[in-house]
Number of protein chains: 2
Amino acid sequence: MEKQAVTIYDVAREAGVSMATVSRVVNGNTNVRSETKEKVESVIEQLNYRPNAVARGLASRRSTTVGIVIPDVTNVYFSELSRGIDDVARMYNYQIILANSEEKNAAEVVESLLSKQVDGILYMGNIIDDRLRDQLEKSNVPVVLSGSVDVENQNPSVNIDYISAVQEITDKLIVSGHKKISFVSGPLDQTINTEFKLKGYKNALKNTGIKFDESLIFAGEYEYQSGYQLGDEIRQSGATASVVVDDEMAAGVLNFMTDNGVKIPEDFEVVTVNNSHITLLTRPQLSSVIQPIYDIGAVSMRMLTKLMNNEELETPEILLAHGYVKRESTKN
Amino acid sequence: MEKQAVTIYDVAREAGVSMATVSRVVNGNTNVRSETKEKVESVIEQLNYRPNAVARGLASRRSTTVGIVIPDVTNVYFSELSRGIDDVARMYNYQIILANSEEKNAAEVVESLLSKQVDGILYMGNIIDDRLRDQLEKSNVPVVLSGSVDVENQNPSVNIDYISAVQEITDKLIVSGHKKISFVSGPLDQTINTEFKLKGYKNALKNTGIKFDESLIFAGEYEYQSGYQLGDEIRQSGATASVVVDDEMAAGVLNFMTDNGVKIPEDFEVVTVNNSHITLLTRPQLSSVIQPIYDIGAVSMRMLTKLMNNEELETPEILLAHGYVKRESTKN
DNA sequence: CTGTTAGCGCGTTCAA
DNA sequence: TTGAACGCGCTAACAG
């Protein structure tokens, strides 16, 4: 049971000083004579002393831990985001508690993060209901949304301008002559779909005088299989192109088409928006909006460190630049 | 700064009992009269009391937290593993601290997990050097290897029988008439490659009297790009088939071939071993060893819970059953 | 069945 | 520049 072999007291005794002094050198307090500091450090080394982060957290009321809420680690978009987060967290010496929320039990997950006394929360995911919002609010810990939006946005966030991004790629398809462009969405209870990506799609239509057609909207899960299954409906809808909100779904749509003899991009065009490395795997390769996914994660974590440090944020809602890369699934 | 709004004392006072009693109901101790229990519970509800896990951890010397060491969340193999781990961890009410090791700074990462007083460690990754082994050993916290091997294996682990699995698929290629079969490996300083997968490959050759040819062994990183780059060398080696140890690499090899006019499986066959959903994305789809990835994660976490509970393990080294699925990248 | 009392390991005043 | 003493919020004997 004696996990904690050596404590701060052991070091103090061995070094012939008080624990307060040991605490000072461990925490880089300058008010220590360099001789005693060296002495203490050598004892620390020799005893292989490792400060107990739990005790430290209790005493200092800071856990140097942040909670990451992620809908699904298995989805490349989120896992790449988390890489950016992780790297910056490490840089600032924060530990990470990662919790899969599956968009459902987010509240429960956040609850347990809070009980762990996390110093901040990085939230990915697009379903933020009132209960969750309330919970976050009264928790008093800073929250940053990473690659995720909330219409009622009280919280700082880092994203790209989804509306413009989707609008631009839809435009390209329109310019290529398409009249019936399907929009392949994730769950329609997520505002990132309804209020942002779909809106971009609608904007493009409106600007070019194409009438919005509800029957060209398809909703599924952010998974390959889901896109593949939707493929048949999409084809039967008479659409000649698809704007897809997730790379894995897009791969599904694309593969369904080619598997069924529909030539891409000659007979059907597909664009996606995440530009994860999935886009390179398919044949033909997927044209995509370019998102700085890693950076979104990194920047959001950096914001969180500032918040946890009680620094002011110049801009609470950051939109990073996006782009477009034409590959083989579109003509332009 | 007053993160912790309400403490166990507040509840005790409000409910007119001692904090010990509150502690009992919170921890499900049965020795509490049901009336007082209800009273306490209602106060807890009313005050929105949430136990401080840090304080609890300090007092009980159990953090109900496990550390997960993962080489790269971005790799589907590992992220699917972590799903299995996560689900079981949640089932047993353990929190998870996830740390990207990148196979390099594993020791450093483990160090910080230990300082967080994790109750156990689930280790993924295949480079375990002496320092790390030493560190784990003297830490006294239970460790389970998940989808990872260690030749000097002191630690419990959950895997499939990589030797047999690779041997079997290599056999299939040999039966199909191939004489020059390339082996596309991850880093050769990882024993999972040298001592297991490569060994399976060699076994198959030996059993059928084919001479081992060093020039047919290719090593890269577990990434799509790496496989794609290796593609050219593989083609020039005169090999007519590839056994690849990672799905993303396999996708790279396959795409390189088709991109360069090599017909698969007619002119070249490719088999991979992880059967992640990547295998479905490529065209042709990848034949693969079937690994119960999710289960490997789940079972290893289950083992860890037993260990943390001081239960005995019947079998410290579990090998889950594997299989094979023929898709389109092979003839058999 | 319930309350009292020690700590858990460390940060942090406040004196010296 | 250092040390003594208190407390962070909770668990765990030990009494009663």
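A, B, ... follow the sequence lines: proteins, then strands. Residue 1 opens every chain.
Summarising the geometry of B:Val54 relative to A:Lys116, their closest heavy-atom pair is CG2-O, 3.6 Å, with the distance given to 0.1 Å. Heavy-atom minimum distance, B:Arg302 versus B:Val88: N-CG1, 3.9 Å.
When the C1' atom of D:dC10 is taken as reference, atom CG of B:Asp10 falls 13 Å away, rounded to whole Å. Rounded to whole Å, atom P of D:dG7 lies 14 Å from atom CG of A:Leu58. The distance between atom CZ of B:Arg13 and atom C1' of C:dT2, rounded to the nearest whole Å, is 19 Å. Residue A:Asn31 contributes atom CG, which lies 18 Å from atom P of C:dA15 at whole-angstrom precision. Rounding to whole angstrom units, NZ of residue B:Lys116 and P of C:dG9 are separated by 17 Å.
Put simply, the residue from A:Val118, A:Leu122, A:Leu304 that forms a side-chain contact (heavy atoms from CB on, under 4.5 Å) with A:Val66 is A:Leu304.
Residues that satisfy the side-chain contact (heavy atoms from CB on, under 4.5 Å) test with A:Met19, not counting sequence neighbours, are A:Ile8, A:Tyr9, A:Ala12.
Two end axes, each from the C1' atoms of five base pairs, can be drawn for the helix from C:dC1-D:dG16 to C:dA16-D:dT1; they diverge by 30°, to 10 degrees.
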Footprint string (nucleotides 11-16 of chain D, 5' to 3'): B base within contact, S backbone only, - free, heavy atoms under 4.0 Å: BBB---

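With hydrogens and angles left out, the side-chain atoms of A:Tyr222 and A:Gln190 include a donor and acceptor closer than 3.5 Å. In the model, B:Ser23 has a side-chain atom that pairs as donor or acceptor with a side-chain atom of B:Asn27 under 3.5 Å.
When distances are taken from the side chain of A:Arg61 to each of D:dT2, C:dG3, D:dG9, the shortest belongs to D:dG9.
B:Val158 has its side chain out of reach of B:Ser146: every pair of non-hydrogen atoms, C-beta onward, lies at least 4.5 Å apart.
For B:Asn52 and D:dC10, the shortest distance from a side-chain N or O to OP1 or OP2 is not below 4.0 Å. Taking only side-chain nitrogens and oxygens, B:Thr7 never comes nearer than 4.0 Å to OP1 or OP2 of D:dG9.
Note that CG of B:Asn52 and OG of A:Ser115 are 8.0 Å apart. Values are rounded to the nearest 0.5 Å.
In this structure a side-chain-to-backbone donor-acceptor pair under 3.5 Å is present from B:Asp10 to B:Thr7.
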